[in-house]
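Atoms considered below: every heavy atom in the structure, side chains included; atoms not considered: hydrogens, waters and symmetry mates. Order of the sequence lines fixes the chain letters, A, B, ..., with proteins taken first and strands second; residue numbering starts at 1 for each chain.
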Amino acid sequence: MNWLLPPGNSTFAGDIDFIYYVILVITGIAFVIVEFGLLWFVIRYRRRPGRKAYYTHGSMKAEVIWTAIPAVTVVVIGVMSGGVWNQVKGRNAAPADAMVFGLTAKQFEWNATYTGADGRLGTADDFVVRNQLHVPVDQPVLIKLATEDVIHSFFVPNLRVKQDALPGKTIDVWFEATEPGEFEIACAELCGLGHYRMRAFVTVHTADDFARWMAEQTAAAAAGE
Amino acid sequence: MATSAPPIDAVHAGHGHELSFIRKYIFSTDHKIIGVQFLLLSLVGLFLGGMMAMAIRWQLGFPEGSMPLGGIFPETMVSGGVMLPEFYNSLVTMHGTFMVFFAVMPLLVGVFGNYLIPLKIGAEDMAFPRINMWSFWVAVIGTVIMMAGFWVEGGHSQAGWTQYAPLSADPQWTGVATGQQLWLLSIAVLGLSSILGATNYITTVVNLRAPGMTWFRLPLSIWSLFITAILVVLAIPILSGAAIMLFFDQTIGTSFFNATAGGQPILWQHLFWYFGHPEVYILILPAMGMVSEVIANGSRKPIFGYHSMVYAIIAIAFLGWIVWGHHMFQSGMNPTLGMTFMISTMFIAVPSAIKVFNWMGTMWRGNLTLHVPMLNAIAFVAMFVIGGLSGVYMASTPVDIYIHDTYFIVAHIHYVLFGGSLFALFAAITFWYPKMFGRMMSEAWGRVHFALTFVFFNLTFWPMHYLGLQGHMRRIYDPSQYEFLQHLSGTNRFVTISAFLLMVSQVIFAANFILSWFYGKKASENPWNDNGLEWSTPSPPPHGNWPDVPTVYRGPYEFSSPEVEEDFLPQHQKLPGDLEPEAAGRGS
Ligand SMILES: [Cu+2]
Ligand SMILES: [Cu+2]
């Protein structure tokens, strides 16, 4: 049991985690002040016979202090968060050179669509692999996220990616993985009976590896038709 | 005396002939009886919601194990001793539904709104006693409709208490039709009950305050219940309207929320949370108000910064209307809105901090009497702070990307609603029990209950922060499906066992509550040496509350005033220098 985050393997994971740790420190300080303050008061000001409490209705100075400090603090956290938010989810956040993939959720699976040789979605050479999203490392990736039925949520804990898939809409999600490996995809939005087992994988390949995999799959897809 | 005409019913009923048993205890128009009726009904709701949580925890702690008492459920819910995922989803839905709509909300608003408002402002009853009676019986009808969902074909709703469309909008996605419709119907009916009650509260506070009870002599509990009632009147119709739209999607083929026919699934989320965030404050503001009463009483000191406390309540209620999007950062809503909602949400920290520091200021240099209500009230502050601070993580949009829809939010909401509202309710129930029932609850057993609840509450919910930070999604039936959650099975089991012990500890409260009703020590008029008007009439108060409505000479928190020998100075006590309120009476 600890308050550390598990390792993050995308370019923006570090920025997200940094804000988390800033908040952890700030809220940690507030937590200690309040909890130990309460405990101290309970011990220090316990009822003693013959003593009367200090009669006061408050202090304007104190009110100003404990209004101003939290206000300034949250503005700081807000401004810091805003920068990272824009970088991750802003309207035009995805880098222009991102490689495009499709990902379509349905009860209870994730279907990854690959562009084939032409590098474009929605053409005849597209092919689909169930529950397997293969991407290259150190390369921005743009995912066209959609759903066929209800709302699902595309969640890759290790990449710090989460985005709901909304019926009737295609939503852009981007990330750039920084390490090869296999990471789990989970569904994070209640979507029915099999929500708990709507599991898939992101496989992050080295560039060479990815090219080989892609060639294999493209050939297999072409042969299958 | 300068007092406006008391409600007709109260005059009739209070001072005249004897009422039949049915008119007195069943279809009563007495706000105190209605308050107690709401109390008994919502304690049952609380128990049911708790038992559902136990079943959920069993499944998460012991996913493969055969469920204790699993045999009493039909094969469609628990098969071969193992809970089915569809039943798990129903339980998750109904645990949230019961705790929000049938336990915490009626406990705070239905019980204490009814019981305290007339007694604390010096009114003989509510402004509309018959509407008040209806508000209770409509709630009973709503409860019956909701319960019926468990027995219909296909089982109860499985769409979560948030009812996200289109999962909730079309039976083909969950296989639930009737249960889903009953859920929506019940919520609409319950909404009517809430609106009836809240209109009454608002009218009563505005019109029926005793002579001398100016706005800034109102106890903070009444301020918070008054502001809450305004939130109820504004927020609940939104939910009712949305529920009716969803009901039509389900039954007559409209497509408000169904994308395949041109509807907008995200519209449901906007409507739901536009109600839902004010609802969060409906569930916490009355708790804050009542805790303020208990902390002033236990500290034997005036509330520190009374005016700031009032303005903070108003500020929270106002901010509550412009933050709903923080539930939807990852929903596909325009990311620019994410920025707006993040900033407005962050600012809620300000009035919340004002309240916390003022409670601490009230305790500072006090003469702390740690009676059972006070212990629970201090626990409220200590736990609410944790819930408030964990809220900052989710308000930060980038951090929310990671922890949204994980156990971190489950930890957060339980620190606010259990650690906050429910501890406040334990404080309130134990504080006003002697007034309600004329007998004291056992102080010793109250302490035992408090200590066990405090410990097991934290052992249950603190580790959920950790689960969330490890990425553990909420509302999943079997975490062992995922590789990255494997190492959490020990924590899940620990949480489950703590939750069981937490539930078992509540037996002490139930026993204390029931047995004290019959065997408790007789309560005096003012057992806590408090200043509020409710303590100036016998315990329990007669119908009509006072032979003559009291006059108010000062604010409610004059503890340890240098003007008198004792460490309290009731609002109705006239000191030599006090002037009678002007003939107009209840002025501003
Ligand atoms: Cu899903
Ligand atoms: Cu909210």
Side-chain angles (χ1 to χ4, degrees), chain A residues 1 3 5-6 16 19-20 23 27 30-31 34-35 37-38 41-42 45-47 51-55 57-58 62-63 66-67 70-71 74 77-78 81-82 84-85 88-91 149-151 153 157 160 162-164 166-169 171 184 186 188-193 195-197 199, chain B residues 85-86 160 164 166-167 173-174 259 265-266 300-302 304-305 308 330-332 335 338-339 342-343 346 349-350 353-354 357 360 363-369 382 385 389 392-393 396-399 401-402 404-405 463 466 469-471 473 475-478 481-484 560-562 567:
Chain A
M1 199 36 279
W3 284 77
L5 295 174
I16 291 176
I19 294 190
Y20 165 78
I23 297 176
T27 54
F31 172 82
V34 173
E35 303 296 348
L38 282 171
F41 287 179
V42 166
Y45 300 118
R46 270 196 101 124
R47 178 172 208 100
R51 193 185 65 182
K52 244 185 170 184
Y54 172 56
Y55 179 78
H57 285 275
E63 302 290 341
W66 58 54
T67 306
V74 296
I77 296 176
S81 301
V84 178
W85 174 250
V88 180
K89 289 225 174 173
R91 288 228 130 183
D149 40 42
V150 298
I151 298 175
S153 191
R160 305 288 187 269
K162 187 179 286 134
Q163 176 61 54
D164 286 6
L166 206 55
K169 246 185 128 177
I171 298 173
E184 282 175 295
E189 185 65 68
L190 180 64
C191 59
L193 169 71
H195 166 58
Y196 70 99
R197 53 175 161 78
R199 173 182 182 233
Chain B
E86 46 271 54
Y164 276 16
L167 187 66
W173 307 126
T174 56
I266 206 169
R300 316 308 295 165
K301 258 190 74 188
F304 198 92
S308 314
Q330 320 308 333
S331 69
M339 292 286 278
M342 167 170 68
I343 298 296
M346 289 271 181
V350 177
I354 293 174
F357 288 124
M360 293 178 75
M363 289 168 65
W364 169 72
R365 296 184 68 181
N367 195 23
L368 303 194
T369 312
V385 165
L389 291 174
V392 178
Y393 294 73
S396 166
T397 42
V399 178
I401 295 174
Y402 181 58
H404 181 76
D405 271 336
Y466 169 69
L469 292 174
Q470 296 298 312
M473 296 81 75
R475 293 171 165 177
I476 54 168
Y477 160 75
D478 181 6
Q481 294 283 326
Y482 287 91
E483 202 78 48
F484 77 102
S560 302
S561 160
D567 65 355

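Ranked by non-hydrogen atom pairs under 4.5 Å with chain A, the options Gly338(B), Pro463(B), Pro562(B), Gly366(B) are led by Gly366(B). Heavy-atom pairs under 4.5 Å with chain A were tallied for Glu86(B), Met473(B), Met363(B), Met360(B); the largest tally goes to Met360(B).
Expressed to the nearest 0.5 Å, how far OH of Tyr393(B) lies from CD1 of Ile77(A) amounts to 9.0 Å. Here CD1 of Ile23(A) is found 11.0 Å from CG of Leu389(B). Values are rounded to the nearest 0.5 Å. Here CZ of Arg46(A) is found 11.5 Å from CG of Asn367(B). Values are rounded to the nearest 0.5 Å. To the nearest 0.5 Å, atoms CG (Leu190(A)) and OG1 (Thr174(B)) are separated by 9.5 Å. A distance of 5.0 Å separates CE in Met342(B) from OG in Ser81(A), rounded to the nearest 0.5 Å. Annotation: the span from Tyr20(A) atom OH to Ser396(B) atom OG amounts to 12.0 Å, rounded to 0.5 Å.
Residues Trp66(A) and Ala353(B) approach most closely at O-CB, 4.3 Å, considering heavy atoms. Looking at every heavy atom in both residues, Arg160(A) comes nearest to Ile401(B) through O-CG2, 3.4 Å. Heavy-atom minimum distance, Glu35(A) versus Ala382(B): OE2-O, 2.6 Å. In this structure, Arg197(A) and Tyr482(B) approach most closely via the heavy-atom pair C-OH, 4.4 Å. Listed here is the closest heavy atom pair of Val74(A) and Ala349(B): CG1-CB, 3.8 Å. Closest approach of Phe304(B) to Glu63(A), counting heavy atoms only: CD2-OE2, 3.8 Å.
Contact annotation: the side chain of Asp149(A) approaches that of Trp173(B) to within less than 4.5 Å [non-hydrogen atoms, C-beta and beyond]. Between Ser560(B) and Tyr54(A), the closest side-chain pair of non-hydrogen atoms is not below 4.5 Å. By the 4.5 Å heavy-atom criterion applied to side chains, Glu189(A) and Arg475(B) are counted as neighbours.
For Met346(B), the parts lying near chain A are the backbone and the side chain together; criterion is any non-hydrogen pair under 4.5 Å. When heavy atoms are compared at a cutoff of 4.5 Å, Lys89(A) approaches chain B by way of both its backbone and its side chain. In this structure, the portion of Ile343(B) lying under 4.5 Å from any heavy atom of chain A is its side chain and not its backbone. Heavy-atom distances place both the backbone and the side chain of Val392(B) under 4.5 Å from chain A. Interface residue Tyr402(B): backbone and side-chain heavy atoms are both found under 4.5 Å from chain A. With a threshold of 4.5 angstrom between heavy atoms, Leu166(A) approaches chain B through side-chain atoms but not through N, CA, C or O. For chain B, the nearby part of Ile171(A) is the side chain; its heavy atoms alone come within less than 4.5 Å. If you measure heavy-atom distances from Gln163(A) to chain B, the contacts under 4.5 Å come from both the backbone and the side chain. The contact between Val34(A) and chain B is made by backbone and side chain atoms together, counting heavy-atom distances below 4.5 Å.
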Checking Arg365(B) against Tyr45(A) for the side-chain contact (heavy atoms from CB on, under 4.5 Å) test, could you report, in this order, the C-alpha distance in whole Å, the side-chain angles of both residues, the deciding distance, and whether it holds? CA-CA 6 Å; Arg365(B) 296 184 68 181; Tyr45(A) 300 118; 3.7 Å; yes
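Under the salt bridge (Lys or Arg N to Asp or Glu O under 4.0 Å) criterion, Asp567(B) pairs with Arg47(A), Arg300(B), sequence neighbours left out.
Side-chain atoms of Lys169(A) come within 3.5 Å of backbone N or O of Gly332(B) as a donor-acceptor pair. Of the possible polar contacts, none joining the Gln481(B) side chain to the Arg199(A) backbone as a donor-acceptor pair under 3.5 Å is found.
Heavy atoms of other residues, nucleotides or ligands lying less than 6.0 angstrom from CZ of Arg51(A) number more than 12.
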